[in-house]
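Right, one structure below, let's go through it.
Naming convention: chains lettered A, B, ... in sequence-line order (proteins, then strands); numbering from 1 in each chain.
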There are 2 protein chains.
Amino acid sequence: MGVRKTRAAETQAALKEAARRQFAERGYLNTKITDITAAAGRATGSFYDHFSSKEELLQALLADMREKARDQIGAGDGHPPHDLTDPDQLREHLAIAWHLMRDYRPVMIALLESAMAAGPGAGEMWRRLIEDTRVLREHLEHLRDTGHRLPGDPELVAAAMGGMLSMLAYALLGGDTRSGRSDDEVIDTLTQLLLYGIAGPGGSGAA
Amino acid sequence: MGVRKTRAAETQAALKEAARRQFAERGYLNTKITDITAAAGRATGSFYDHFSSKEELLQALLADMREKARDQIGAGDGHPPHDLTDPDQLREHLAIAWHLMRDYRPVMIALLESAMAAGPGAGEMWRRLIEDTRVLREHLEHLRDTGHRLPGDPELVAAAMGGMLSMLAYALLGGDTRSGRSDDEVIDTLTQLLLYGIAGPGGSGAA
DNA sequence: GTCTATATCGCGATAGAC
DNA sequence: GTCTATCGCGATATAGAC
């Protein structure tokens, strides 16, 4: 390929970009193939020259996301935090996750809706929850192995935290600015909640 | 109506029961009207003599659930807990919620899928999250008003907790026995996590 | 590769006999 | 009220000219 994109590549990119916009606005399940092609300014039939289905397109978007995310993290100042009982490190961890979900909102939305559309019997939701919180689980296991007492099994705790994040992100990052809550408020609140719980740092903190 | 159910009432009950079974197995979105009538052993057309749509049927199931739940709670020993910083009271609160979700799993599943199918732009998910955690929010506000320091705004904290519960319930209570986790393990873990967070009671608990 | 036109199909919803 | 039969629509997917 030369410096100039081929027309085919342009179309594929247009379809992806249109899909991202539609997924964020109307949701993955509500978006029809024709919505995507129309938004991309292409004919319906062209879709199938690039993707065999909506699901495959989603996988392509996911691959793009992973690539970009890897670059971003690589460009960061180092490794993610490892001691989640440190307020700053936990907050940083949550902030990265939250901003990632915001930046790749269309894909996040689509993956969640897709997993849910599979139905509960498929176990797809639990599988995704476990997979997406793998790193978090490892950090928790590290804590446990260094003598820290956890609320429960690392996998379950990680899944609970991940589920909370996903749900809030879906509900709050939907459409445009929802319910007037800033990213910082959400991140701060989650940090406090997950670090000390409702009872607070000393178990009896006062206003 | 006499002591003996009319045939119509039987059909309606059969449709509801079949719907519950289908929702729990295949999920709400995957379940077609014809799946319900077939499972109920009735003709397709009969469905519309009782419900005008799948959504309306869901509302009927929800009404049934609320009625039964009211009876159950009324039969309980009193009021739900009000001091959520007390371990026993928080655990009791979570246990009630968890068992309610287990007992009415088909409806819970359906409501969640339905809200998600509306897409993120509709704000339906956030609306439901707020609505379903109203009581929890009030308890948190009470705590705050009596001088306790909360992790953040009561509405947001309540929504976060509710989202965590919903997501875990959907993922874990799906199909049949999933991933071999007992109700008690989940409830205990959530109690510890939400009460003290990851850092633990003293902020530096050891194994 | 891209387009227009159309085949195909699942499924919601209705009509009308019983 | 319940049934059988069917209509109608929306959406996926394909055919074939350009």
Sidechain N-carboxylate O distance under 4.0 Å for [X], [Y]:
| X | Y | answer |
| --- | --- | --- |
| Glu124(A) | Arg127(A) | yes |
| Arg128(A) | Glu131(A) | no |
| Asp184(B) | Arg91(B) | yes |
| Asp153(A) | Arg181(B) | yes |

For [X] and [N], what is the distance between atoms [atom1] and [atom2] respectively, to the nearest whole Å?
| X | N | atom1 | atom2 | result |
| --- | --- | --- | --- | --- |
| Ile33(B) | dG8(D) | CD1 | C1' | 16 Å |
| Gln12(A) | dG1(C) | CD | P | 9 Å |
| Phe51(B) | dA13(C) | CZ | C1' | 16 Å |
| Lys54(B) | dC11(C) | NZ | P | 10 Å |
| Tyr48(B) | dC3(D) | OH | C1' | 15 Å |
| Leu15(A) | dT2(C) | CG | P | 8 Å |
| Phe47(B) | dG1(D) | CZ | C1' | 15 Å |
| Asp35(B) | dG12(C) | CG | P | 8 Å |

5′-ward residue of the pair His50(B)/Ser53(A) relative to DNA chain D: His50(B)

For the side chain of [X], counting heavy atoms from C-beta on, which of [options] is nearest?
| X | options | answer |
| --- | --- | --- |
| Arg42(A) | dT12(D), dT2(D), dC3(C) | dC3(C) |
| Lys32(B) | dT12(D), dA13(C), dC11(C) | dC11(C) |
| Asp49(B) | dG1(D), dT12(D), dT2(C) | dG1(D) |

Thr11(B) side-chain N/O to dT2(D) phosphate OP1/OP2 under 4.0 Å: yes

OP1 or OP2 of dC3(D) under 4.0 Å from side-chain N/O of Ser46(B): yes

Interatomic distance, Met125(B) atom CE to Ile109(A) atom CD1 [nearest 0.5 angstrom]: 11.0 Å

Sugar-phosphate, base or nothing in reach of Ala43(B), heavy atoms under 4.0 Å: base

